[in-house]
Structures are given as structure tokens and as C-alpha cells.
Amino acid sequence: MPPIASAQSQPVARTVLPDPLYYLANFQRVIQRVYERYDDLLSTEERDFYRRLQLLSGDAQALYVRLLTRKGPLFRTSKLRYQEISDQSQAVADLVAQQLVIQPSEINLLDAFPLFTKQEWLGLLPDAAAQRLAKAALVPLLQSLTDPVQTTIEQQGETLIQLNSSEHFATFCLLYFSNGRQDLTEFVLRDIGVYRYENYSLARATRVFTHREQIDKMLAYYRLRDVLDDLASLSREEILALNTQLPAIACSQQQDKCRGNTLVQRRIERLRLRLARQLERLEAWQDALALYTQCQQQPSCERQVRILHRLAQYQAAFKLCQQMFDSPSEAEQTFARQFHPKLLKALGQAATKPAPPALNEVQLFLTAGDSPNVELAVAQSLSVSGDCFYVENTLFLSMFCLVFWEAIFADVPGAFSNEFQTGPHDFYEEDFASHRSQHLESGWRKLEHWQRTPDDLIQVAEQKHGIATPFHMGFMPAPELLKLAITRISLRHWQIIFERLLRDLKENRNGLPDLIYFPNTGGYELVEVKGPGDRLQKNQLRWLHYFAEHQIPCQVAYVQRQ
């Protein structure tokens, strides 16, 4: 069996029982850190929210956090039972006094319905036939009664409270994490050892948002993002209406180059791209085209060219396609090369499709005794005359992180907002490299040094093992693979591969070959394996053509089973 570069893919989780009030400590950390970094950008209501929290007892704060993490916003006080909260009644009273929860005077039946059991609601329905109905079927019967909610509350001797000011906590979370994806569970995953993160600067001077407008736009973005979960059910008119609700990207006060703006702009553009793509599916071509023209991100230009071609606006499509030849994106350049002859033909001009670089392709035949996994089967056959590792994207991406570790986690304004980031916010942005030119130069020197002293690479890899990076959650290739790779792959080949990655980290992070083979005779070769019926993907072809152009040894193995 050949060596496989998959050992120690993730750190082992520790089984640690947390402090019963761990969630309160995490909540307080978020609130305090945000206030220290963003107090000048908080609204009057948000600063008042912070002040009211500070006036609460520990029990009241703990109960408030519990309510924030439960499905609400209505709660029965009799169902709130937490052993770590010593005086729950007083905690509720404190929250009411600070208006962090309220006792609503009017409660909608549909809001209160899930809080009570079927048997409790049946107390208002004397008809025996109601007993045989499903709980949900009781709603129409209850709606015919006068004030069924208040009556049930009185019958059960219950008190209902409603969470208040939770939208302010949502703002604090946004400022802490700078996204709507992470929440307080990140603390737990770190504390029990599931994930480890690098230590980097979180100074106020390097905060992400610098103007209140940026915060408001990001909040509006996340509110709309939730609405867009069911785009397929929306009509053309509804989609266009949603587009008008997207926050305007341009910022006042000459903020265009302020950090935080790019973060907001890219997320809003992603929503607009989704809207435009759905308009295409509805064949609302002109509407889709109008939305695409407002976006800079891929695949905006490609979709515009395709729509213009469909609408027989060949000259406009040709002009835009010509511009894509100078795009920094290889994906756009590749599309332009492939689509350009089609447009020339539509314009009545002669067109020849340029031939891509020739690939080194081989046919392999496997027997019934070989591994059912074609990649492992090919690796096993190659290991007879050398070492072969199944690496896919992991080897070169892990080495990239090790070489440019200082650049990835550099103290750059706006790069980090919390301690649970696998990389900087601008990692996939066009100006990632330009903001870290000195750190990247240091990385290139480090790569050259490791070629002379590979043991130093192994030592660094062991130190960084388990720490999450933008490409993986703590994985590091096996030491024997790293040592072979750094000594067998020439410095120039490393540079060629990393240069392409740096041109577009998001686009080029995938598509690298499945295997790396180190023959006993020396050198190395990359191998892309394709089983029966499997075809090369676009990102794989781009890498393969790049390798062929730069004389990096690589072959495509098409596997057939005898």
C-alpha cells in the first residue's frame, strides 16, 4: 500500500467539562471587546443596551444569554430551569426592570401556540371531537374563541415574558465576528480542543469597520440574505423589488478605500449575482444584464457576454469578451479564448479556436484485485518503483500556508476581528498580496532556506499542526511527504505554483492533481487520475495547462478496469 498524506488530518478533541457559566463568560467577552473597539460607532440605543447589561446581576445576565440562545421570542417562566442560576425569579425581575425582557400585554395566538401542549389548549375546547385532532388542527378552533391566550395563561397560572433588545446583541455579534455565520459556539469548539487558531493582533487601530454606514449596510445585507433563501419561488417583479432593497455600495465621506468597504461591497455583490442568475432562469434577460453590469465579481462578465450573445447583440458581446483577455482572472481569460471564435463567427468573420498546450495523457488498466478507489489503485501501482502519495490539493496548499504564514497572519488593518478566524478577511481579495509585500518576500526567502535545511520545515510544520488556516482546519502533511517534496521539487517549480496561487487564491485553490509520485530514480511527477466516465474539470484543466506551459512534470492517467 503506498504512503497516503492523510495522517493527523485534525487535532483530537479534548473531553473537558466546561464551567456551568462558560456561556456567560463568552457573552461578556463579546460585549466587552466590541465596546472597547467600537464604542464610537455604536448607536445611542446600542450604548444604552451595553449600560443596562452592566447593571444586571450575574444571574440575570446568565438568564438573558440563555434566552438569546433559545427559540423565542416568547417564553414561559415556569419552563426556565437552569441549575447554575440561583434565583431565577429575581433574575427575571432584574431583566424586566432593565427592559431586556418585557411582559407583553397582548399576545398573538400563533406566537403563543407552540408554548403550550395540546392538552393545555384542550382545556378551552370542551368538544370531545377536538381530542382526536392533531395539535395544529386546534388553531382554527381556538381562533374562534375570545382571548384564548390570556385564558390559557390564567388557567395554567403562567407568566409569559418576551425577549427585548436582541437586535442590539446581533449588532454586537456582527462587530465581533464581522459575519453572520459565526456565533458563541466558536468559544466552545475552541475550548474543548476541536479547533485551534493562530494568535494575531486584535488592536482597536486595526478594526474592520471605520464608519457607522458600513455597519448599517452589513446589517441590512444579513437581513436580506435570509429572505433570499427561497429565490426559486420568487417572480421577476419580486426579485427586482429585492434588488432595490440592497444597500447602496457607494459610501459617503470619501470612504471608497476605507477598510470594511470591500467586505461590505463583496457580500452585497454576491447577493446581486444570485438575483441576476435567477432572473436568467426566468428568461428576464435584460433585467439580469442590468444587475450583472453593477457587479465586479466573477462570473459577472461571463454572464453578460452569454446574455448579449443570446440577444444577438454580437458587437457588444465581442467588445466585452475582448476586455476579458486582459482580466487578472485566468477563468475569465480561459472563457474569453473559448467564446471568442463563436462571436467572430456570429459577426461573419473567420475564426479558429486556439489549441491548448498538449497534455501528457496515459491509459492505465486495473484488475479486479486492485483497490476500488481509482486514485489509491494508481498510487499502489506506482509505489512499486517509488513513493506515491494521494494529496489532491492538500500538499501545495499546506506548503503555501507554511511558507507565507507570516503574511497570512500579518498585523494588517481590517484583517482580523475576532480570535476564531482561519485567515484574514481579505485573504481572497485582489490586494491581499500588495498589503503584505514585505511578508511575502520573507516567505520566498524561507522557502529557499528550507530547500537547504528541510529539517527546519519539518519543525515548523510540527509547531503549526492543528492550527486552522484558510485552506484547512489544522491539517499538515506527513513529515516524510514534506521532506520528499521540499527536496525533490525544484525551487523554481515551487515559485511557479505559488505565483499562480497568489494571482487568485480563491479561484486557484482547487483543481490540483490527485497524486504526487517520487520515483526511485529521482525527481517527481504529479498525476491527475480519472476513472471510467470521469472528465477533467475546468479548474483542473487550467492547472494542467499551466504545468505544461512551465514544464512541470505532470500526467493525466485515464483508468479502465479489465
Side-chain angles (χ1 to χ4, degrees), residues 21-75 77 80 82 85 91-105 107 111 160-188 202 204 207-227 245 247 251 260 263-264 267-268 417-420:
L21 288 170
Y22 70 92
Y23 60 88
L24 177 57
N26 297 338
F27 171 81
Q28 291 170 335
R29 181 176 180 82
V30 169
I31 295 297
Q32 192 60 38
R33 175 68 64 81
V34 169
Y35 194 80
E36 290 170 356
R37 300 186 85 194
Y38 288 106
D39 60 303
D40 59 318
L41 299 185
L42 295 176
S43 67
T44 302
E45 294 80 6
E46 290 156 358
R47 283 194 292 270
D48 182 60
F49 171 71
Y50 172 82
R51 180 191 61 79
R52 286 182 283 146
L53 286 172
Q54 307 313 305
L55 296 175
L56 294 175
S57 64
D59 275 354
Q61 282 195 18
L63 181 58
Y64 189 65
V65 179
R66 287 292 197 183
L67 297 180
L68 283 169
T69 54
R70 284 181 58 161
K71 185 177 180 180
L74 284 173
F75 304 94
T77 56
L80 303 176
Y82 302 105
I85 299 176
V92 171
D94 291 348
L95 291 173
V96 171
Q98 294 301 327
Q99 296 185 322
L100 291 168
V101 300
I102 59 175
Q103 293 176 304
S105 56
I107 304 173
D111 292 333
L160 296 191
I161 56 174
Q162 181 174 318
L163 193 62
N164 196 27
S165 299
S166 59
E167 71 279 6
H168 299 322
F169 179 63
T171 303
F172 273 71
C173 280
L174 172 67
L175 293 174
Y176 189 85
F177 293 108
S178 295
N179 61 61
R181 171 177 49 83
Q182 293 176 294
D183 55 31
L184 296 178
T185 57
E186 298 290 342
F187 290 93
V188 180
L202 292 171
R204 179 183 173 111
R207 64 187 183 176
V208 173
F209 300 106
T210 55
H211 297 78
R212 178 67 201 197
E213 286 179 71
Q214 298 165 344
I215 300 172
D216 292 336
K217 290 177 190 296
M218 191 68 88
L219 289 169
Y221 160 81
Y222 280 109
R223 285 193 294 268
L224 278 177
R225 190 188 66 167
D226 294 337
V227 177
Q245 297 177 43
C251 293
L263 193 66
V264 176
R267 293 182 185 178
I268 292 172
S417 54
N418 66 82
E419 59 263 54
F420 307 111

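Because the structure is predicted, anything quoted here is derived from the model rather than measured.
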Measuring from atom [atom1] of [X] to atom [atom2] of [Y], what distance do you get when rounded to the nearest 0.5 angstrom?
| X | Y | atom1 | atom2 | value |
| --- | --- | --- | --- | --- |
| S43 | R212 | OG | CZ | 5.0 Å |
| L219 | T171 | CG | OG1 | 4.5 Å |
| K217 | F209 | NZ | CZ | 12.5 Å |
| D111 | L160 | CG | CG | 10.5 Å |
| R33 | F172 | CZ | CZ | 13.5 Å |
| I31 | E36 | CD1 | CD | 11.5 Å |

Item to check | Minimum heavy-atom distance between R204 and D39, given as atom pair plus value | outcome: NH1-OD1, 2.7 Å
Checklist outcome for this item: Heavy atoms of A62 and L24 approach each other most closely as N-CD1, 3.9 Å
Checklist entry - Which salt bridge (Lys or Arg N to Asp or Glu O under 4.0 Å) pairs, counting each pair once, include a residue from residues 49-58, with sequence neighbours left out? => result D48-R51, D48-R52
Next on the checklist: Tell me which pairs pass salt bridge (Lys or Arg N to Asp or Glu O under 4.0 Å) where either residue lies in residues 53-71, with sequence neighbours left out.
Outcome noted: R66-E84
Checklist entry - Is D216 close to P247 at the side-chain level, that is, under 4.5 Å between some pair of heavy atoms? => result no
Item to check | Non-hydrogen side-chain atoms of M218 and L263 separated by less than 4.5 Å | outcome: yes
Item to check | Derivation and outcome, side chain to side chain contact (heavy atoms under 4.5 Å, CB included), residues E45 and F49 | outcome: CA-CA 6 Å; E45 294 80 6; F49 171 71; over 6 Å; no
Cut-off 3.5 Å, no hydrogens considered: what does the side-chain donor-acceptor table look like for residues 95-103, sequence neighbours left out?
none

Checklist entry - Going through the checks in order, is the side chain to side chain contact (heavy atoms under 4.5 Å, CB included) test met by V208 and Y38? => result CA-CA 10 Å; V208 173; Y38 288 106; 3.9 Å; yes
Next on the checklist: Could you work out, with ring-ring contact (aromatic ring centres under 6.0 Å, His included) as the rule, every residue matching F169, not counting sequence neighbours?
Outcome noted: F27
Item to check | With sequence neighbours excluded, residues passing ring-ring contact (aromatic ring centres under 6.0 Å, His included) with Y50 | outcome: Y35
Could you tabulate the donor-acceptor pairs under 3.5 Å formed by side-chain atoms of residues 174-183, not counting sequence neighbours?
{"unit_1": "Y176", "atom_1": "OH", "unit_2": "E419", "atom_2": "OE1", "d": "2.4"}
{"unit_1": "Y176", "atom_1": "OH", "unit_2": "E419", "atom_2": "OE2", "d": "3.1"}
{"unit_1": "S178", "atom_1": "OG", "unit_2": "S417", "atom_2": "OG", "d": "2.9"}
{"unit_1": "N179", "atom_1": "OD1", "unit_2": "R181", "atom_2": "N", "d": "2.9"}
{"unit_1": "N179", "atom_1": "OD1", "unit_2": "Q182", "atom_2": "N", "d": "2.8"}
{"unit_1": "N179", "atom_1": "ND2", "unit_2": "F177", "atom_2": "O", "d": "3.1"}
{"unit_1": "N179", "atom_1": "ND2", "unit_2": "Q182", "atom_2": "OE1", "d": "3.0"}
{"unit_1": "Q182", "atom_1": "NE2", "unit_2": "F420", "atom_2": "O", "d": "2.9"}
{"unit_1": "D183", "atom_1": "OD1", "unit_2": "T185", "atom_2": "N", "d": "3.0"}
{"unit_1": "D183", "atom_1": "OD1", "unit_2": "T185", "atom_2": "OG1", "d": "2.4"}

Next on the checklist: For a side chain to side chain contact (heavy atoms under 4.5 Å, CB included) check, start with the C-alpha distance between L41 and R207, then their side-chain angles and the critical distance, and finish with the verdict.
Outcome noted: CA-CA 12 Å; L41 299 185; R207 64 187 183 176; 4.1 Å; yes
Next on the checklist: Apply side chain to side chain contact (heavy atoms under 4.5 Å, CB included) to residues Y82 and L63 and explain how you reach the verdict.
Outcome noted: CA-CA 8 Å; Y82 302 105; L63 181 58; 4.0 Å; yes
